[in-house]
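Just below is one structure, and these are the notes that go with it.
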Number of protein chains: 2
Amino acid sequence: MNKITMKDIAEKVGVSKTTVSMVVNKKDSNISEETKNKIYSVIKETGYIPNNVARGLNTKKSGSIGMIIPDISNPFFSELSRAIEDVANKLGYNVILCNSDNNPDKEKKYVELLISKLIDGIILIPGQESESNANILKLNGIPFVVMDRYIKGFEDYPGVYFDNKQGIKCGIEYLYSKGKRNIVFVSGPKKINVNQERIDGYKEIMTKYGIYNKSLIFESTFSLEGGIEVTNQIIDQCGCFDAIFYSNDIMAIGGIKTLKRREYRVPEDILIMGFDGITLSKMIEPELTTIQQPIYSMGQQASKLIIDIITEQPIKNKKVYFTPNIIVGGTA
Amino acid sequence: MNKITMKDIAEKVGVSKTTVSMVVNKKDSNISEETKNKIYSVIKETGYIPNNVARGLNTKKSGSIGMIIPDISNPFFSELSRAIEDVANKLGYNVILCNSDNNPDKEKKYVELLISKLIDGIILIPGQESESNANILKLNGIPFVVMDRYIKGFEDYPGVYFDNKQGIKCGIEYLYSKGKRNIVFVSGPKKINVNQERIDGYKEIMTKYGIYNKSLIFESTFSLEGGIEVTNQIIDQCGCFDAIFYSNDIMAIGGIKTLKRREYRVPEDILIMGFDGITLSKMIEPELTTIQQPIYSMGQQASKLIIDIITEQPIKNKKVYFTPNIIVGGTA
DNA sequence: TTGTAGGCGTTATCAT
DNA sequence: ATGATAACGCCTACAA
């Protein structure tokens, strides 16, 4: 049961491989209708599927793009992936999924794997210390788009970002307008650079309002457990606080659970603000008040951008910034 | 900036491509240490990365497995994907992500795409009418593992399944034991065969208890909106009901929101049971009482199974059934 | 309008 | 212990 090749088709029709190749690749402007039809019908009856690998060896293109993300089971990234894959698929590419867990070694392994597969381009959400991996890509001439987080030394590379500082300011302004003054801020792991950016935003705006207090800044991991732990910590260590701004939705949800269990009422006693606007934020009751990143649009944009680069389309903006949007739910 | 090839390495070291190839592929039992070391050092200093595509053309293997799922942004599938990718990665494979949306045409397109990339194997969660697509795979000799849903005519193929009937029975028994007798059942789209299986389970057990009533069966889509809509319908059409068993967690969450908004108390007035046990079910407050599928284990198992088949390992069980497990949260 | 021939980078089969 | 050579299936000049 050997696989059918172009040669088989050519022999059956009684033409050369070249002719078949041209028809298969729609470069058939001057192939007679008759030949074309014969070829098509034999392709159909044999169920011939071209060998993309052989094609790739010639063209140095694989028709695949790689997507290196921290963790697909995190809703933020799975929503993003869906957008990336949708656009890629529509434009004739497919997507190889890589979960880096923010681990530089894993990330490196994937980068090399993708290169070895003649990947056409990569969408990279950097973990930590991604400079050297970005460098490998650069040295190998693989186009890539950076997403969500910066890579030192690659600030001029194409990228899709979210205006984190502005997002934080939005959130704080809202909480301030609600009369809150002791606003706790929970950042994600400081090793990830967007978090520093968010902390800076917090510092700036709180200082502007004259209510900045360093001891109101906490750090945790972007998970439900992270949210629960840090919230217990906040309750135990903080003299007074009247609002908590979590820098992702999942943490906020963990926080709300913890507050309720420890007999705080949300939003009556404490206002809660999340960050990301994942679908999940609309599932809890009351719905989470959060700073929305347009996740699906960001994914679409990144996917479109990398493919434009691959296909050498003229690019208007190789760096795209998305702006925040507050979703007012019932928690603040 | 042409990419470095084996030929380049061979020339630099002063050996033949063959020798380099053997070293790269660890088939170097009888290559002198000296040569090996020279080759390794040149590989390192040049940053050589083997071309997997060229290799694939020879070996007819790509080192990739395909994963065809309905929708990665559905938490059930993203959790599953994570497991699949983890195992695949550990065993030296990578994963190509395909969102079928349960659409047979999309599914077909992906099947052919994957074949054209010399995919080594596929994990297929069938949408609707997947017989012909499974047939294409069969004709092309592509190994595949079926997951979650049956494909008519491929019952003997390797597969990883969940005992849906048992799951439903578990849930009903629990609700019955809590004194509930008017238990509404919300199935997913009947076109998807697991749903029929679940309805059958419901019918059986309810009949056994002598409380079966056909008008308590509703159908909806596996989404938050689906859960909301159907719940409004239930409230409006059902004379009396004291529990609702949704056949996935997301619908259940939509249902809870709706019940609350329409002034029902959960669990005081109405007990709610979900199905799946996605992480999300632990995020809401109170936590959802649900029938847990061991999602991560199922993904691991499927991944391991397809790779065992690819590598022709002896397989103990080519069909694996997982059994339900009730998680008692606060909604029932 | 169609065919011939060489090459893409690797692996496999024989040699040496 | 190492090399020469022919595949793998397709694409692409260049020929005819």
Side-chain angles (χ1 to χ4, degrees), chain A residues 2-40 42-43 46-63 112-113 115-120 140-141, chain B residues 1-40 42-43 46-64 112-113 115-120 140-141:
Chain A
N2 261 320
K3 224 161 255 176
I4 294 164
T5 73
M6 219 166 217
K7 194 173 155 221
D8 300 325
I9 305 293
E11 283 170 0
K12 288 212 181 197
V13 178
V15 295
S16 76
K17 290 187 294 174
T18 310
T19 308
V20 178
S21 171
M22 290 174 123
V23 171
V24 167
N25 293 297
K26 309 276 177 210
K27 298 187 174 170
D28 52 3
S29 48
N30 43 17
I31 305 276
S32 72
E33 281 303 315
E34 199 194 335
T35 315
K36 261 192 269 189
N37 289 139
K38 262 195 273 177
I39 290 175
Y40 279 128
V42 173
I43 285 180
T46 54
Y48 166 68
I49 298 177
N51 181 330
N52 230 301
V53 170
R55 172 184 291 163
L57 193 54
N58 267 286
T59 59
K60 319 269 197 177
K61 299 245 162 286
S62 62
E112 293 185 338
L113 184 83
I115 293 174
S116 80
K117 301 188 93 74
L118 304 190
I119 203 81
D120 293 345
N140 282 274
Chain B
M1 206 220 41
N2 261 319
K3 226 163 253 177
I4 296 169
T5 74
M6 221 167 218
K7 192 171 155 226
D8 300 326
I9 305 293
E11 283 170 0
K12 287 213 182 197
V13 178
V15 294
S16 75
K17 290 185 295 174
T18 309
T19 308
V20 177
S21 173
M22 292 176 120
V23 172
V24 167
N25 292 297
K26 310 274 180 214
K27 299 186 175 171
D28 50 3
S29 48
N30 45 15
I31 304 277
S32 72
E33 280 303 315
E34 200 193 334
T35 316
K36 261 193 266 189
N37 290 139
K38 263 195 272 178
I39 291 176
Y40 279 128
V42 173
I43 285 179
T46 53
Y48 166 68
I49 298 176
N51 181 331
N52 230 301
V53 170
R55 170 182 295 161
L57 191 54
N58 264 284
T59 60
K60 318 269 198 178
K61 299 247 160 284
S62 62
S64 296
E112 294 185 336
L113 185 83
I115 293 175
S116 80
K117 302 188 92 73
L118 303 190
I119 204 79
D120 294 344
N140 282 274

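Just so it is clear: chains get the letters A, B, ... in the order the sequence lines come, proteins before strands, and each one is counted from 1.
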Nearest whole Å is fine: how far is [N] [atom2] from [X] [atom1]?
X      : N      : atom1 : atom2 : result
A/K17  : C/dG7  : NZ    : C1'   : 11 Å
B/I39  : D/dA1  : CD1   : C1'   : 11 Å
B/N25  : C/dT11 : CG    : P     : 4 Å
A/K3   : D/dG9  : NZ    : C1'   : 12 Å
B/I115 : D/dG9  : CD1   : P     : 15 Å
A/N58  : D/dC10 : CG    : C1'   : 5 Å
B/R55  : D/dG9  : CZ    : P     : 18 Å
A/M22  : D/dA13 : CE    : P     : 10 Å

Using OP1 and OP2 only, check whether a side-chain N or O of [X] sits under 4.0 Å from [N].
X     : N      : answer
A/T5  : D/dC8  : no
B/T59 : D/dC8  : no
A/T35 : C/dT2  : yes
A/S21 : D/dC11 : yes
A/Y48 : D/dC10 : yes

Within the side chain of [X], is there an N or O that forms a donor-acceptor pair under 3.5 Å with the backbone of [Y]?
X      : Y     : result
A/S116 : B/I49 : no
B/K12  : B/I43 : no
A/N58  : A/R55 : no
B/D28  : B/M22 : no
A/N51  : A/A54 : yes
B/S21  : B/K17 : no

- Query: Pick the nucleotide of DNA chain D nearest each of B/L57 and B/G14; which residue has the one closer to the 5' end?
  - Reply: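 The answer here is B/G14.
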
Across the strands shown, which category fits [X] at heavy-atom distances under 4.0 angstrom: base, sugar-phosphate, nothing?
X     : result
A/T19 : sugar-phosphate
B/K60 : sugar-phosphate
A/K36 : nothing
A/T18 : base
A/N52 : nothing
A/K27 : sugar-phosphate
A/N51 : sugar-phosphate

- Where the side chain of A/S32 is defined as all heavy atoms beyond and including C-beta, which of C/dT1, C/dC8, D/dT2 is the nearest nucleotide?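 Looking only at heavy atoms from C-beta outward on A/S32, the closest nucleotide is C/dT1.
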
- Item | B/V15 side chain, from C-beta outward: closest of C/dG9, D/dG3, D/dG9 |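 Among C/dG9, D/dG3, D/dG9, the one nearest the side chain of B/V15 is D/dG3.
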
